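So you know, we letter chains A, B, ... as the sequences are listed, proteins then strands, and number each from 1. Computed from a prediction, not measured in an experiment: that's the story for all the values here.
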There are 2 protein chains.
Amino acid sequence: MTVDRRKLIIEAAAKSFALFGYKATTMDQVAKIAGVGKGTIYTFFANKEELFQEIMNKLIQEMKRVAEEVVDPERKFFDNLHRVLERLLDFREEHELAIKLTQEVKEIGTQMAQEGIQQIEKAVVGYIRIQVKKAVDKGEIKPCDPEITAFVMLKLYMALTADWKKSHEPLGKGQVAELLPFYLQAGLAPD
Amino acid sequence: MTVDRRKLIIEAAAKSFALFGYKATTMDQVAKIAGVGKGTIYTFFANKEELFQEIMNKLIQEMKRVAEEVVDPERKFFDNLHRVLERLLDFREEHELAIKLTQEVKEIGTQMAQEGIQQIEKAVVGYIRIQVKKAVDKGEIKPCDPEITAFVMLKLYMALTADWKKSHEPLGKGQVAELLPFYLQAGLAPD
DNA sequence: TGAATGACTAAATTTCTATTTTGGTCATTT
DNA sequence: AAATGACCAAAATAGAAATTTAGTCATTCA
């Protein structure tokens, strides 16, 4: 068995998308890095978009794996929630592809990069939704719409981490870890 | 006393910014609508930016007035909160200048339009912060950082109204009115 | 003989330059 | 002294020319 050309292409594409973003990655580039002819890419992927999709799916899969590592059924729901969100946002901050796509959206507004980021967010909400549902079933939190609740949780987390620091001194991780359950678990109603 | 040229200019500028946005509004245009010479504008405002600032301040003032109309000290805090946010977001949706600026930021990313929108949000958070502080003092809600709390409230409201509908069926006003206190007042902790 | 290839093309993007528009000034007018 | 609009440098736009790129396919290998 000779080398797995499909794998070579995927690895080369992942590297290039992470390094240069979606738009600045050319099919010639990918072929060159992979050490294959350009035509070969098109025997595996119909077009650039599908190749990108493959890389995004792999990324989301990896994020799910990373999230799973940190969830501990023994712990309280809000404890797990914070650990997962922190891990995922850290991951997103560390992962070159996610960084590059975010940057690309802000700087040149590439449509595909935009869609890539949305896919990641959708996957994260989907993951949290499952955790919310479990927590509701276990009676750990009140009955609620899991989709809306998961959405609210991600948005609140992103507001406290990413949005807040655009106009204020950033909140420490400890503070965020306190604020999330402060607002969403206990609520603001006086005792 | 002859006509108030300053007022003519402000009215013309307000009309033009709302109709064409920041970038597409020219000083010649404003002068023409106001029926004054272009040089006259510069006897009142140092440059285009300052003229825009004047219009933005007027808009924010008007929003504050509109918000005040709806706050009733007899009502519960969360009731007032929803009424104010709804009124303000409605206002923003109705008000041509706010619409135009939002559109301009999305379409051509004009810096000044961006800053204009940010000013509006900052003013809204500032207004809510005062209400939060009052509510804390009255013991209507738990002690909390008013700035962070106001920020969280606006973000959550925008998440439920604007962000949610980007990927889902929009939530009705009644639903939003229920969800806001559901998450922030009562909290998700089981009874 | 079928998988791999890279020269090729139409379309998209970028670069370059000529032209127009615009924010701001200031000598003149009212 | 307040108002003005012709004027100017700088910025924005338009559009032609040159380059790049996604995707194809006849040819080449293994």
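Under the 30°/60° scheme for interplanar angles, the aromatic rings of B/Phe91 and B/His95 are found to be tilted. Ring geometry for A/Phe17 against A/Phe52 counts as perpendicular: the plane angle is over 60°, on a 0 to 90° scale with 30° as the lower cut.
At a cut-off of 3.5 Å, with distance as the only test, no side-chain donor of B/Gln53 or B/Glu49 sits close to an acceptor on the other residue. Side-chain contact annotation: A/Glu115 with A/Gln111, donor-acceptor N/O pair under 3.5 Å present.
Atom CE of A/Met27 is separated from atom C1' of C/dT9 by 17 Å (rounded to the nearest Å). In this structure, A/Ile9 atom CD1 and C/dA4 atom C1' are separated by 10 Å, rounded to whole Å. Taking atom CD on A/Gln111 and atom C1' on C/dA12, their separation rounds to 16 Å, with Å as the unit.
The nearest heavy atom of DNA chain D to B/Asp28 and to B/Arg5 marks one nucleotide each, and the one closer to the 5' end goes with B/Arg5.
Of the residues in residues 13-24 of chain A, not one comes within less than 4.0 Å of DNA chain D through any heavy atom. Near DNA chain C, defined here as any heavy-atom distance below 4.0 Å, the residues from residues 36-43 of chain B are B/Lys38, B/Tyr42, listed numerically.
Side-chain atoms of B/Lys48 come within 3.5 Å of backbone atoms of B/Tyr22 as a donor-acceptor pair (strictly under, hydrogens ignored). Judged purely by atom type and a 3.5 angstrom limit, A/Glu140 uses its side chain to pair as donor or acceptor with the backbone of A/Phe77. Checked by atom type and distance alone, the side chain of A/Lys64 never pairs as donor or acceptor with a backbone atom of A/Tyr127 at under 3.5 Å. A/Thr110 places no side-chain N or O within donor-acceptor distance of the main-chain N or O of A/Ala113, the cut-off being under 3.5 Å.
Cluster annotation: A/Met158 is connected to B/Val152 through the hydrophobic network of ILVMFWY side chains, with a link wherever side-chain heavy atoms come within less than 4.5 Å.
Nucleotides of DNA chain D with any atom under 4.0 Å from a heavy atom of chain B span, from 5' to 3', D/dA3 to D/dT13.
Distance CD1/A/Ile33 to CD1/A/Ile9: 12.0 Å, rounded to 0.5 Å.
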